[in-house]
Amino acid sequence: MRAREERGMNMKERIRIAVQSKGRLNEDTMALLAESGIKVGVSKRTLLASARNFPVEVLFLRDDDIPQTVADGVADAGVVGLNELHEREADARIVKRLGFGGCRLSIAIPKEQPYSSVKDLEGRKIATSYPVILKKFLQEHGVHAEIHVITGSVEISTGIGLADAIFDIVSSGSTLVSNNLREVEIVLESEAVLIANKGLSAEKLAILDELVFRLDAVMAAADKKYVLMNAPRECLDAILAVLPGIKSPTVMPLAQEGWCSIHTVLDESCFWEIIGRLKAAGAEGILVLPIEKMIL
Ligand code: PRT
Ligand code: ZN
């Protein structure tokens, strides 16, 4: 691993990252930063907090304000839902998808209503907090519908006769079900993204690179397990045949004659699929350990 200075990181400079102050993205964002070695000691009321051991300060904002704050350069980078970035049409660069905050922006209608295509929305009234994204979608499909902007409780709009359809965030879909709605169009698949100002100085870009390098290491290790097992030497080929896509697992002799130890890295989901076959092939004493960081 190269030293920070070699990667051009000037330790006097710092970057300001906008993070949602409370709400769904706050916890995962702060956890990801902490796992990347960026610890911010804050009481909930602080607007701006410096990291103790990395040239970063965190600016806590409502998610609605994050895209523009980054586009304007008041913050150098930010973590926000892709949905919010698109809605605000802010001129910021997407640096990295972060793999949490997953959801979709969808059109839903009362479940008993027939629906065959987006043309069925012609002349209808659609309630949403995302008018910009909805307008673009309708324009692309040549559909004229009335967009009714509301900021909260969009899902009750059809039930109270405010609109014929809604356009809102869907995650598990249970909010739609409990409001007798069904999803008919998925317009945007969203997740939390790291965004950056487009005009960062070389010094700030170097710090951002270091941050991305750390995020990559943390995210690469997520859901990965370090797996160790013992087996008689003659079972080795059968075990290696079961291990998926591993170029070169580590194989070490054990003190006990004719036995070896096999070490490898596996996706957790994959591990559960192959555990039975590993045992059938002769593996014993299987240990599964978490991996904290992975530098690829
Ligand atoms: O206060 P602030 O303005 O910062 O926060 P906010 O209230 O505007 O946003 P918040 O904290 O609710 O969500 C922040 C971001 O999380 C969103 O912009 C999305 O990118 C992402 N996200 C992920 C979600 C959901 N999942 C989600 N399920 N945002 C909202 N929901 C809501 C949705 O509005 C609907 O009411 O959950 C309901 C649907 O969930 P299901 O599981 O019933 O389908
Ligand atoms: Zn918001």
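FYI, side chains are in, hydrogens and waters are out, and symmetry mates aren't considered; it's all heavy atoms of this structure. Start at 1 and go down the list; that is how both ligands and their atoms are numbered.
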What atoms of ligand 1 come within less than 4.0 Å of a heavy atom belonging to [X]?
| X | answer |
| --- | --- |
| V170 | 44 (O) |
| L25 | 15 (C), 16 (O) |
| I169 | 17 (C), 19 (C), 24 (C), 25 (C), 27 (C), 29 (N), 30 (C), 31 (N), 33 (C), 34 (O), 35 (C), 39 (C) |
| G81 | 20 (O) |
| G23 | 11 (O) |

(message) For atom 28 (N) of ligand 1, is there a protein heavy atom at a distance under 4.0 Å?
(response) yes
(message) For D120 and S116: C-alpha separation, side-chain torsions, deciding distance, then whether side-chain hydrogen bond (donor to acceptor under 3.5 Å, both in side chains) applies.
(response) CA-CA 7 Å; D120 294 347; S116 53; 3.2 Å; yes
Is it the side chain, the backbone, both or neither of [X] that has a heavy atom closer than 4.0 Å to ligand 1?
| X | answer |
| --- | --- |
| L176 | neither |
| R62 | both |
| N83 | side chain |
| C103 | side chain |

(message) Tell me which one of R93, K204, R14, K198 satisfies salt bridge (charged side-chain N to carboxylate O under 4.0 Å, His left out) with D76.
(response) K204
(request) Show your working on side-chain hydrogen bond (donor to acceptor under 3.5 Å, both in side chains) between E155 and T175 and close with a plain yes or no. (result) CA-CA 7 Å; E155 67 278 4; T175 303; 5.9 Å; no
(message) Any salt bridge linking R214 with E35? Criterion: basic side-chain nitrogen under 4.0 Å from a carboxylate oxygen.
(response)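 Between E35 and R214 there is no salt bridge, as every charged N stays at least 4.0 Å from the carboxylate O atoms.
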Specify the protein heavy atom at minimum distance from [atom]: its residue, its atom name, and the distance to 0.1 Å.
| atom | answer |
| --- | --- |
| atom 42 (O) of ligand 1 | S172 OG, 2.6 Å |
| atom 37 (O) of ligand 1 | R24 NH2, 3.2 Å |
| atom 43 (O) of ligand 1 | T175 OG1, 2.5 Å |
| atom 9 (O) of ligand 1 | D63 OD2, 3.5 Å |
| atom 5 (O) of ligand 1 | Q20 NE2, 2.9 Å |

Got [X] and [Y] here, is their nearest side-chain heavy-atom distance under 4.5 Å?
| X | Y | answer |
| --- | --- | --- |
| T158 | I109 | no |
| Y130 | I147 | no |
| K279 | I286 | yes |
| F137 | I107 | yes |
| E183 | L176 | yes |

(request) Of all N, O or S atoms in D64, identify the one at the shortest distance from the Zn ion (ligand 2). (result)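 Looking at D64, the N, O or S atom with the least distance to the Zn ion (ligand 2) is OD1.
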(message) So, of the N/O/S atoms that D63 has, which is the nearest one to the Zn ion (ligand 2)?
(response) OD1
(request) Using modelled atom types only, decide if a donor and an acceptor are shared between the side chain of N26 and the backbone of S21 within a distance under 3.5 Å. (result)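 The answer is yes, because a donor-acceptor pair under 3.5 Å joins these two groups.
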(message) Any side-chain to backbone donor/acceptor pair from S190 onto N83? Under 3.5 Å, distance only.
(response) yes
(message) If you measure every N or O of G173 against every N or O of ligand 1, does any of those distances drop under 3.5 Å?
(response) yes
